[in-house]
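When reading the values below, keep in mind they use all heavy atoms of this one structure, side chains included, and skip hydrogens, waters and symmetry mates.
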Number of protein chains: 2
Amino acid sequence: MGRPARIFPADLINAASKIAARLGPARATIAAIAKEAGAPIGSMYHRYPSRGALLAEVWITAAERFGSQFSAILATARDTDALIEAALLTPHFAREDPAAGVVLFAHRRDDFLDEAPAESRARAAKLVSALQKELAGAAKRHLAGDPRGRERLAVALIGIPYGAVRVFLPQAVPPPEIDAVIAAAARAALAH
Amino acid sequence: MGRPARIFPADLINAASKIAARLGPARATIAAIAKEAGAPIGSMYHRYPSRGALLAEVWITAAERFGSQFSAILATARDTDALIEAALLTPHFAREDPAAGVVLFAHRRDDFLDEAPAESRARAAKLVSALQKELAGAAKRHLAGDPRGRERLAVALIGIPYGAVRVFLPQAVPPPEIDAVIAAAARAALAH
DNA sequence: CTTATTCTAGAATATTAATTCTAATTAGTA
DNA sequence: TACTAATTAGAATTAATATTCTAGAATAAG
């Protein structure tokens, strides 16, 4: 029933991710994304109500992928060594999915969400708060003594790896050698 | 000779810094900056040829302040302990000059420079490459054995502190407790 | 084979914000 | 006191892009 689609939502998200990674969300215009996707402008609005909604979807898609891997690692972590794996997810992710990595680690979240409809914003906020909760839980388990455990864990497992890959992104993918540096730094940050 | 100025360049830079820190460079419109400075739109263009030129000046001003302190520390560093002071400059700077700190550490450099005239861009590039050179020199002195010394130093003294304060900025100023975490992490990153 | 439906297609319009322009002030100077 | 230069002041214009609108195609159902 109806004309078959040539352009699917996933195509637009992929195209928008690439453009946003390359030029930044501010320069990811509807025209540029449409061109990258090989779609006419009209089809963009057939899929997404606004540019803001599409950009939000780009961030959310990337964040969901990262978040699910991160929480899987965190949930099964038995000791500090296992936590370090969570810190290493950031460079790993940046290598495995460069466009999503650049979206998440070389641009600002708000630049993807500022123009988003309320519904998308709520979905994004849920992702962030889920991650916060998991960090709090892990802090309770692994850093029981520290009243600021969640902050410390956030710095060690998110902030430090983020800052380290940020030195290289978006021009280059983070080189493999920094993984050891990230691991050592995260470990030190955890060891009070 | 001529009507005395009510609005000075520094006023516009300060106003633009505040707005850019609060809303991000993309939302720092000429109208918003003019309002913050109590200046009419016309006066903006009397001082700066374009919005891009003004935003570039905001970043350059902040980067010059940070850079001069950073290179002073780096130049006189005798041992690893002294290098750690360079890593701590990031949280210190974010506390002492919150607007400049947010400009440098909570936003993207390119979002301040993408629309800048060539002359401003060149000035900004010079600041960046000066810092690169200083890092390379310090790497030679302090990490003589490491072929990737400059990268490691960049990660330890810039990337890690940046990522750590980024966990808090721009909502809050980085709390004093993270300084010890940053110091430990930077030290670990240096001690291969 | 006609019709309803879904989608492509891109031109036309609307919106937002940067920039330019014209006029009005103010202070020194001849 | 006129005159000139520097600046304020903000309205008018322009430019860039997001969004809407109107048509045209393609498919399945009846």
Calculate the interatomic distance between B/Phe8 atom CZ and D/dT7 atom P; express it in whole Å.
9 Å
Mind calculating the distance between NZ (B/Lys35) and P (D/dT8) to the nearest angstrom?
20 Å
Indicate yes or no: does A/Arg95 engage A/Asp179 in a salt bridge with an N to O separation below 4.0 Å.
yes
Which residue pairs pass the ring pair (Phe, Tyr, Trp, His ring centres under 6.0 Å) test with at least one member in residues 8-46 of chain B, sequence neighbours excluded?
none
Sequence neighbours excluded - ring pair (Phe, Tyr, Trp, His ring centres under 6.0 Å) pairs with any residue from residues 77-109 of chain B:
B/Phe66-B/Phe93, B/Phe66-B/Phe105
Which residue pairs pass the side chain to side chain donor-acceptor pair (under 3.5 Å) test when at least one of the two sits in residues 48-66 of chain B, sequence neighbours left out?
B/Glu57-B/Arg123, B/Arg65-B/Asp97
Taking protein heavy atoms under 4.0 Å as touching, what does nucleotides 9-23 of chain D look like 5' to 3' if B marks base contact, S marks sugar-phosphate-only contact and - marks none?
BB-------SBB---
If the condition is side chain to side chain donor-acceptor pair (under 3.5 Å), which residues does [X] pass it with, not counting sequence neighbours?
X        : value
B/Asp79  : none
B/Arg6   : none
B/Glu177 : A/Arg148
B/Arg27  : A/Glu115

Residues within residues 112-122 of chain A bordering DNA chain D, heavy-atom distance below 4.0 Å
none
Strand contacts (DNA chain D) in residues 9-23 of chain B, 4.0 angstrom heavy-atom criterion:
none
What side-chain donor-acceptor pairs closer than 3.5 Å can you find for residues 83-90 of chain B, not counting sequence neighbours?
none

Please list all pairs meeting salt bridge (Lys or Arg N to Asp or Glu O under 4.0 Å) that have one or both residues in residues 158-170 of chain A, counting only residues at least two apart or in different chains.
none
